[in-house]
Amino acid sequence: MGRPDSIPHPAIKGRGSTTHIAGRFESTVSEAVDDGWEAEESEEFLAPRLRTEVRAETARSIISRNNSPDVGFSQSVNPYRGCEHGCSYCFARPSHAYLNLSPGLDFETKLFAKTNAAQLLRKELSKPSYVPQPIALGINTDSYQPIERKFKLTRQLIEVMLETRHPFSLITKNALVERDIDLLAPLAEQNLVSVHFSVTSLDPHLSSKLEPRAAAPHARLRAMRRLHEAGIPVGVMVAPVIPWINDAELEAVLEAARDAGASSAGYVLLRLPLEVAPLFRDWLETHYPDRATHVMSTINQLRGGKDYDSQFGTRMRGQGVYADLLSNRFKLARRRLGFDAQNSHWPKLDCTKFERPAPPKADSPQGSLF
C-alpha cells in the first residue's frame, strides 16, 4: 500500500513559513497526511493565525566573532533570537534548532529578547584586553524587527556605542531605524556608523510573501532617504537574489536606492543551509508552484548540483553561467549608477576614537521588559 500524499501547506497570513518543520536534532518527526476525508466544497481550509511569543533571555555573552573571508566584519551583536519578519529564505533559521524549536514557524513566532544585552556589551568593552573593531549589529536576526518597538534593546546598544564612540554597522529591513536618527547622526559625524538596508524587491505583493512582517519596500526607501538627509551614510544590499523570483529587479532596486541616497551597494545570492532548503521549497510550492521546479533547478546549478554549498568564496555568489551573468549585471549597474566600487559592502569606520567605559561595579539584575 502506498504512502498517503502529504497535505499541501496553506499560506498563513503574516508568516513566511507554513509548517513547524522539525529541527535536525529532534528525535521524533510528525507529518500531516491526507487521510481520505474530503472537506465539503463550500468549506475553505484556513490556516490558524499564530501569535508571537517573546521570552526574556539572560545572555552569557553578547559579541560573536568570526573569521569568514566572505563578510566585511569580524564581530557582531544580536539582541534577539528568532525574527518576526518571517523571511522565507532566512539563513539564520537553523539556529532555532539549537533551542529544540522549529526553524520554521517557531523561528518567527517564538522569539527571545536578550534583556541584558547593553549591560553585557558595556562589560565586554570595558575589558583591558578588548581591541576595538567595527561591530555588525543585527546580522543573524534583524535588530529592528517589530518587537524592538517595545523592548528597545537595539537602541540601548546604540547608546553604549555612542557613549564609548565605538564604530558599528547595521543592516535592516525595517523603517523603525528612523526612530534612532538622534543617536545615529552624531555617530555619523565622527565616522562611527553606517546603515545598510536590505531591499529584496520593489513589488509590495512579492515582498509581502517573501518577508511578510518587514517594512514595505517604499517604507525602507523612505527611511533610507531620511537617514541620508540626516548625514548618516546608507547603502543597499539586494539580498537575497532569487533566480526567476526577484532577479529581474536587480538594476531597478539599485537605482531606487541610489535615488534615496545610498552610496554603497552589494548583493547576495540565495543561501539555503540545512533546514532552510525544505522550508524554501515549501514556500515555492505554496506561492509559485508554476516555477518551483525551474527555480530549484537553477539553484542546484549554482551550487554544484546541491541546494547549498557553504564553501568560502562562492557561498555568497554561486558558480556557473548564471552566477557570472548576475555578477556582471551588478558591476555594470553599480558603475552606471555611480556607486563606490571600493565601498560595496561595509565602509571603513574610525576605530581610533574609542573610549573604554569604566568596568561595571556589579552585574545588577535586569528589570522586566514584559
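Model, not experiment: these values are computed from the prediction.
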Asker: For T164 and E355, does a side-chain donor sit closer than 3.5 Å to a side-chain acceptor?
Answerer: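 There is no such pair between these side chains.
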
Asker: Quick one: does P240's side chain get under 4.5 Å of T200's, heavy atoms only?
Answerer: yes

Asker: Apply ring-ring contact (aromatic ring centres under 6.0 Å, His included) to F280 and Y89, showing your working.
Answerer: CA-CA 6 Å; F280 187 74; Y89 48 76; 7.4 Å; no

Asker: So, the side chain of D309 versus the backbone of R303: is there a donor-acceptor pair under 3.5 Å, distance only?
Answerer: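 No: the side chain of D309 does not pair with the backbone of R303.
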
Asker: Do S207 and S201 have side-chain atoms, one donor and one acceptor, less than 3.5 Å apart?
Answerer: no

Asker: Parallel, tilted or perpendicular, judged at 30° and 60°: which one describes the rings of H294 and W244?
Answerer: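 Rings of H294 and W244: parallel, under 30°.
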
Asker: Report yes or no: is the cationic atom of R271 (NZ for Lys, CZ for Arg) closer than 6.0 Å to the six-membered ring centre of F91, at no more than 45° off its axis?
Answerer: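 Because its charged atom sits under 6.0 Å from the ring centre and within 45° of the axis, R271 does stack over F91.
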
Asker: Would you kindly confirm whether V77 and L120 end up in one hydrophobic cluster when ILVMFWY residues are joined by side chain heavy atoms under 4.5 Å apart?
Answerer: yes

Asker: Are any side-chain N or O atoms of T109 and backbone N or O atoms of L105, one a donor and one an acceptor, separated by less than 3.5 Å?
Answerer: yes

Asker: Consider only side-chain heavy atoms of I, L, V, M, F, W and Y, link residues closer than 4.5 Å, and tell whether L254 and V199 are in one cluster.
Answerer: yes

Asker: Between S17 and R93, is there a side-chain donor-acceptor contact under 3.5 Å, judged purely by atom types and distance?
Answerer: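 Present: a donor and an acceptor within the cut-off.
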
Asker: Between E178 and R222, does any side-chain N to carboxylate O distance fall below 4.0 Å?
Answerer: yes

Asker: Between the side chains of N140 and Y80, is a donor N or O closer than 3.5 angstrom to an acceptor N or O?
Answerer: no

Asker: Treating N174 as the side-chain partner and Y144 as the backbone partner, does any N or O pair qualify as donor plus acceptor under 3.5 Å?
Answerer: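 Side chain of N174 to backbone of Y144: a pair is present.
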
Asker: In terms of ring plane angle, is the pair F354 and H166 parallel, tilted or perpendicular, where the classes change at 30° and 60°?
Answerer: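 The rings of F354 and H166 stand perpendicular, inter-plane angle above 60°.
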
Asker: Any chance you could measure S143, atom OG, to K173, atom NZ, to the nearest 0.5 Å?
Answerer: 12.0 Å

Asker: Quick one: does any side-chain atom of T286 pair with a main-chain N or O of D282 as donor and acceptor, under 3.5 Å?
Answerer: yes

Asker: Would you check if the side chain of D106 reaches a backbone N or O of S102 as a donor-acceptor pair within less than 3.5 Å?
Answerer: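 Between the backbone of S102 and the side chain of D106 there is a qualifying donor-acceptor contact (under 3.5 Å).
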
Asker: Are any side-chain N or O atoms of Q156 and backbone N or O atoms of T115, one a donor and one an acceptor, separated by less than 3.5 Å?
Answerer: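 No, the answer is negative, given that no donor and acceptor are paired below the 3.5 Å cut-off.
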
Asker: Taking G16's backbone N and O only, do any of them form a donor-acceptor pair with S88's side chain (distance below 3.5 Å, no angle check)?
Answerer: no

Asker: What is the minimum heavy-atom distance between A117 and I62, and which atoms define it?
Answerer: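 Closest pair (atom of A117, atom of I62, distance): CB-CD1, 3.8 Å.
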
Asker: Calculate, to the nearest 0.5 Å, the distance between atoms OG and NE2 belonging to S264 and H196 respectively.
Answerer: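 Between atom OG of S264 and atom NE2 of H196 there are 3.5 Å.
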
Asker: Can you tell me if R15 uses its side chain to pair, donor with acceptor, with the backbone of E108 under 3.5 Å?
Answerer: yes

Asker: Should the ring pair Y267 and F330 be called parallel, tilted or perpendicular, given that the plane angle runs from 0 to 90° and is split at 30 and 60?
Answerer: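 It falls in the tilted class, 30° to 60°.
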
Asker: What's the separation between atom NZ in K209 and atom SG in C87, rounded to the nearest 0.5 Å?
Answerer: 15.5 Å

Asker: Out of curiosity, L121 CG to I158 CD1, how far, rounded to the nearest 0.5 Å?
Answerer: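 If I round to the nearest 0.5 Å, the distance is 11.0 Å.
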
Asker: Is there a donor in the side chain of R356 and an acceptor in the side chain of Y130, or the other way round, less than 3.5 Å apart?
Answerer: no

Asker: D307 vs R281, test: salt bridge (charged side-chain N to carboxylate O under 4.0 Å, His left out). Steps then yes/no.
Answerer: CA-CA 10 Å; D307 287 344; R281 285 178 180 271; 2.8 Å; yes

Asker: Let me confirm one number: the CD-OG1 distance from Q145 to T172, rounded to the nearest 0.5 Å.
Answerer: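 It is 9.5 Å, given to the nearest 0.5 Å.
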
Asker: To check you understand the geometry: which heavy-atom pair defines the closest contact between E255 and L337, and what is its length?
Answerer: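 Between these two residues, the closest heavy atoms are N-CD1, 3.6 Å.
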
Asker: Got a second to check how far F197's CZ is from L221's CG, nearest 0.5 Å?
Answerer: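 One gets 9.0 Å once the value is rounded to the nearest 0.5 Å.
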
Asker: Give the C-alpha distance, both sets of side-chain angles, the deciding distance and a yes or no for side-chain contact (heavy atoms from CB on, under 4.5 Å) between R122 and E163.
Answerer: CA-CA 10 Å; R122 183 186 301 277; E163 176 190 337; 2.8 Å; yes

Asker: Got a sec: does the CG of N67 have more than 12 other heavy atoms crowding it under 6.0 Å?
Answerer: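 Not buried by this count: 12 neighbours or fewer within 6.0 Å.
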
Asker: In this structure, would L137 and L184 fall into the same cluster of hydrophobic residues linked by side-chain contacts under 4.5 Å?
Answerer: yes

